[in-house]
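For reference, the structure is listed below as structure tokens.
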Amino acid sequence: MRTSKYSPEQIAQALRQAESGTPIVEICRKLQVTEQTFYRWKKKFGELGTPEVRELRQLREENRKLKQLVADLSLDKTILQDSLRKKW
């Protein structure tokens, strides 16, 4: 999956600029994104401020690490069970 070249904080800042009255076309031109991308960001991050976006990013990273940990432990459990079966 492609990642954005803009951080969630930068996206939130662009959305705040639009709320303050800056024309969306001007924001899109400055960031070099299409209006469609801007509205996609607005749908995803619309009501979030910078602190919430940072917290969301941290939670996603923690969730990714936990999923990886569960996958590793499940694999270890499967390997141990297979070795016990072969032993008997």
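Rounded to the nearest 0.5 angstrom, L73 CG and Q68 CD are separated by 10.0 Å. Rounding to the nearest 0.5 Å places CG of L75 at 4.0 Å from CD1 of I79. Between R16 atom CZ and F45 atom CZ the span is 12.5 Å, to the nearest 0.5 Å.
Within 6.0 Å of CD in E55 there are 12 or fewer heavy atoms belonging to other residues, nucleotides or ligands. The 12-atom threshold is exceeded at CD of Q81, counting heavy atoms of other residues, nucleotides or ligands nearer than 6.0 Å.
Judged as a side chain to side chain contact (heavy atoms under 4.5 Å, CB included), and not counting sequence neighbours, the contacts of K44 are R60. For E61, the side chain to side chain contact (heavy atoms under 4.5 Å, CB included) partners two or more places apart in sequence, or in a different chain, are R64, K65.
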Listed pairs under 3.5 Å, donor-acceptor, residues 18-31 side chains, sequence neighbours left out:
unit_1	atom_1	unit_2	atom_2	d
S20	OG	Q17	O	2.7
T22	OG1	Q17	O	3.3

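Applying the ring pair (Phe, Tyr, Trp, His ring centres under 6.0 Å) test to pairs two or more places apart or on separate chains, none has a residue in residues 50-72. Residues in residues 60-81 take part in no ring pair (Phe, Tyr, Trp, His ring centres under 6.0 Å) pair, two or more places apart or across chains. Screening residues 5-32 for ring pair (Phe, Tyr, Trp, His ring centres under 6.0 Å), with sequence neighbours left out, gives Y6-W41.
Without hydrogens or angle criteria, S74 side chain to V70 main chain gives a donor-acceptor distance under 3.5 Å.
Shown here for Q10 and K5, the closest heavy-atom pair between the two residues is OE1-O, 4.1 Å.
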